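Heads up, the thing below is written out as structure tokens.
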Amino acid sequence: MNNGFLPVSKKDMHEMGLPQVDFVYVCGDAYVDHPSFGSAIISRVLVSRGYTVGMLCQPDWKDPESICEFGEPRLGFLVSSGNMDSMVNHYTVSRKRRSTDAYSPGGVIGKRPDYAVIVYCNLIRRTFKKTPIIIGGIEASLRRMGHYDYWSDKVRRSILLDSGADLISYGMGEHSIVEIADALSSGLDVSDITFIRGTVFKTRDVSYTQDAIRLPSFEEIRSDKKKYAESFAIQYRNTDPFQAKRLYETYDNRLFVIQNQPSLPLTQMEMDDIYALPYMRAWHPAYDAQGGIPAFGDIRFSLTSNRGCFGDCNFCALTFHEGRIVQARSHASILQEAQQFLHEPGFKGYIYDVGGPTAEFRKPACSAQLKRGACSHRKCLFPEPCPNLEVDHSDYLKLLRKLRDLPGVKKVFIRSGFRFDYLMADPDKTFLKELCAHHISGQLRVAPEHICENVLRRMGKPKNEVYNAFIKEFERINAKSGKEQYIVPYLMSSHPGSTLADAIALAEYICKMGYMPEQVQDYYPTPGTVSTCMYYTGLDPVTMEQVYVATDPHEKAMQRALIQYRDPKNYDLVKEALLKCHREDLIGFGRQYLIPPRKMNPSGQKTRHPAAGKTSASPRKNTTSIRQGSAQSRTTQHQAAKHQAAKPANAKKNPRRTTRRGR
């Protein structure tokens, strides 16, 4: 029996008395019926509207019969790569194959193909020639038009064409998927579904382009990088649901890929309804013998508070996927979900996160956004907070206090990222005080990313002086309360705009501040971001200025090594970088130098570290955080790997070796 889960086999379907399902949902993730998984949300929304859905998760793409488990669905196939882009899931930024997959049973890699959406759709088409196929999720959403593909290092066509699908449901698809289902159920042919917000369709009928903005053709963006940047800039300015126009891209002057305006934001009531659906809040029991789904452990006792982000960092795909207008659940909805934790096995009283893409965003940036949309000509926080920005942490504070007061709740952590520039723009520092007092356990993770102004400008991040002011405020509050707490900064190497000299400047800053970072992001060019456009074209698509881009693997390795200059394994790369930039002044004995004149002892024995002036053990294995921007659910958008659900017993994990002291 399915035991409350949606059917995963023909046997389940027959036991439920279903001769045929309306939709077969083909997904690259294992089946986890929890609202942090996009496949669970979309399938449950459809079921709530009276449709039946069969879950075909991680079918064997090498076996054509695997796609036929449910037979032909009445209305169509829904296809998604899962919570992550399949290529990011499979490969590191250096294009090396990963060894695990957190969204597969037991963490086993290889349960989904590369370019999963294309492979699954082609597999479907081999058997079901005419059945409608609708693709969605992060992989399809960010590839909806011609795009640069980092893994093949070329410009690829819209995924709608390469997959052979009929429609893309892009962005957060609750609105569009119901409209698509209703249209198909009414008898409308899939080729006639051209009017739904949040969708992309293809046609040879030129009349559909009359009220749309023409993008440079695919042939133009493939051969001319400036045209590519111009095309991206037009798309970037048309991501807001209230202001965006329809867009179209031509192929061989005969075929048109047309993007309708984005879906309207969900109301609070709609969000509450979605999170109140009868999820099983567990992985399917078929995975028990294999150890379950590793990603689920990080989010099982976490709460999604919001979606959307007006932070709009250039390396993040949230603008293209979730949009800049923040939507939030009500306190009652979140508290109701938290109370469910109390009755779930394994809950020890610790809520691991309350947040979303940005933890403290609980409403749109300003009241005008829900009437006129987000401004297309400026950002809300960069380069300075907009004068119209309504900075207010009070609602989030009230929510956290209510959660802390729940019987059975011992601690409420915040592990979603938060914007320190937004926090510093608030004259009332009550939120930071309560954050330090109640919601971290020794370490606070923030993302300054870099310190050089020219790099921060390309990232769309605040000036370094804002981060320094935040550090001082954090230290002041902890000193006053007597707490010994630490800041763990996320830093990024090789972002467009970052030269080797900038990387050395960052290393100097790290040295002066006493950091020893364990987590470093080497910039990863994923589809749908301003930074990826810079990486490919060497142009900032917003300003059309030339941008320096480190594409040589050896230079990228040097930039990364400089951030972790104390690691003996990085000595040769760090020295090479310093000599190349004529910075021999940073080679010597003492705290002010990055490395000593001679190579450090790489053995595992404790050794005197001349640069640091103190004893340290052999370095820990390096850990890399890959930020992709958001996926169909919070766990991708900022990825389950970013939500480290460490129990309080081990939360203080020798922070003195890796972070700056917070007092």
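Computed from a predicted model, the values in this text were never measured in an experiment.
Interatomic distance, Cys57 SG to Tyr103 OH, rounded to the nearest 0.5 Å: 14.0 Å. Expressed to the nearest 0.5 Å, how far CZ of Arg125 lies from OG of Ser163 amounts to 8.5 Å. In this structure, Met271 CE and Thr304 OG1 are separated by 7.5 Å, a value rounded to the nearest 0.5 Å. The structure places CZ of Phe347 at 10.5 Å from NE2 of His343, a figure rounded to the nearest 0.5 Å.
In summary, the aromatic rings of Phe310 and Phe361 are positioned with their centroids under 6.0 Å apart. In this structure, the ring of Phe37 has its center no less than 6.0 angstrom from the ring center of Tyr279.
The stretch residues 107-131 participates, sequence neighbours left out, in these ring-ring contact (aromatic ring centres under 6.0 Å, His included) pairs: Phe77-Phe128. Applying the side chain to side chain donor-acceptor pair (under 3.5 Å) definition to pairs two or more places apart or across chains, those involving residues 192-202 are Thr199-Asn260. Among residue pairs with one or both ends in residues 127-138, those qualifying as side chain to side chain donor-acceptor pair (under 3.5 Å) are Glu72-Thr131; sequence neighbours excluded.
Looking at residues two or more places apart in sequence or on another chain, you find no side chain to side chain donor-acceptor pair (under 3.5 Å) involving Glu360. The side chain to side chain donor-acceptor pair (under 3.5 Å) test applied to Asp205 returns Ser207, not counting sequence neighbours. The ring-ring contact (aromatic ring centres under 6.0 Å, His included) check on Tyr251 picks up Phe218, with sequence neighbours excluded. Applying the ring-ring contact (aromatic ring centres under 6.0 Å, His included) criterion to Phe242, with sequence neighbours excluded, gives no partner residue. With sequence neighbours left out, the side-chain contact (heavy atoms from CB on, under 4.5 Å) criterion links Arg49 to Tyr51, Val178. Under the side chain to side chain donor-acceptor pair (under 3.5 Å) criterion, Asp101 pairs with Asn89, Ser104, Arg112, sequence neighbours left out. Every residue was checked against the side chain to side chain donor-acceptor pair (under 3.5 Å) condition with Thr100, not counting sequence neighbours, and none meets it. Legend: residues meeting side-chain contact (heavy atoms from CB on, under 4.5 Å) with Arg97, ordered by chain and number and at least two apart, are His90, Tyr91, Ile109, Asp114. In this structure Thr250 satisfies the side-chain contact (heavy atoms from CB on, under 4.5 Å) test together with Arg214, Ser217, Tyr248, Phe256, sequence neighbours excluded.
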Does the pair Met172 and His321 meet the rule for a side-chain contact (heavy atoms from CB on, under 4.5 Å), with working shown? CA-CA 7 Å; Met172 309 303 282; His321 190 59; 3.8 Å; yes
side-chain contact (heavy atoms from CB on, under 4.5 Å) assessment of Gln336 paired with Arg329: CA-CA 11 Å; Gln336 183 179 27; Arg329 297 167 62 188; over 6 Å; no
side-chain contact (heavy atoms from CB on, under 4.5 Å) evaluation trace for Arg44 with Asp33: CA-CA 9 Å; Arg44 286 292 180 182; Asp33 193 21; 2.5 Å; yes
side-chain contact (heavy atoms from CB on, under 4.5 Å) between Phe201 and Ile193, worked out: CA-CA 8 Å; Phe201 65 95; Ile193 302 177; over 6 Å; no
Salt bridge (Lys or Arg N to Asp or Glu O under 4.0 Å) assessment of Lys363 paired with Asp395: CA-CA 9 Å; Lys363 64 177 185 177; Asp395 184 67; over 6 Å; no
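At a threshold of 4.5 Å between non-hydrogen side-chain atoms, the residues Glu69 and Ser9 count as touching. Annotation: side chain of Pro285 is in contact with side chain of Phe5 (closest heavy-atom distance under 4.5 Å). Residues Tyr31 and Ile293 are not in side-chain contact: their nearest non-hydrogen atoms beyond the backbone lie 4.5 Å or more apart. For the pair Pro265 and Glu270, the minimum side-chain heavy-atom distance is 4.5 Å or more. Between Phe232 and Phe320, the closest side-chain pair of non-hydrogen atoms falls below 4.5 Å. Using a 4.5 Å heavy-atom cutoff, the side chains of Leu318 and Thr358 are not in contact. No side-chain heavy atom of Gln235 sits under 4.5 Å from any side-chain heavy atom of Arg144. Between Ile135 and Cys121, some side-chain heavy-atom pair lies under the 4.5 Å cut-off.
In this model, a donor atom of one side chain and an acceptor atom of the other lie less than 3.5 Å apart for Thr532 and Thr529. There is a side-chain donor-acceptor pair under 3.5 Å between Ser169 and Ser176.
Of the possible polar contacts, one joining the Glu249 side chain to the Gly146 backbone as a donor-acceptor pair under 3.5 Å is found. Glu139 places no side-chain N or O within 3.5 Å of a backbone atom of Asp85 that could act as its donor or acceptor partner.
Summarising the geometry of Cys68 relative to Pro64, their closest heavy-atom pair is SG-O, 3.9 Å, with the distance given to 0.1 Å.
Residues Asp149 and Arg95 are not paired through a salt bridge, judged by the lack of any N-O separation under 4.0 Å between the basic side chain and the carboxylate.
Of the candidates Val26, Ile180, Leu46, Leu78 forms a side chain to side chain contact (heavy atoms under 4.5 Å, CB included) with just one, namely Leu46. Paired with Leu303 under the rule side chain to side chain contact (heavy atoms under 4.5 Å, CB included), one option of Asp353, Val412, Leu399, Leu403 passes, and it is Leu403.
Below 30°, between 30° and 60°, or above 60°: for Tyr287 and His284 the angle between ring planes is above 60°, a perpendicular geometry.
By the 6.0 Å contact criterion, CD on Gln20 is enclosed, its count of non-hydrogen atoms from other residues, nucleotides or ligands being greater than 12.
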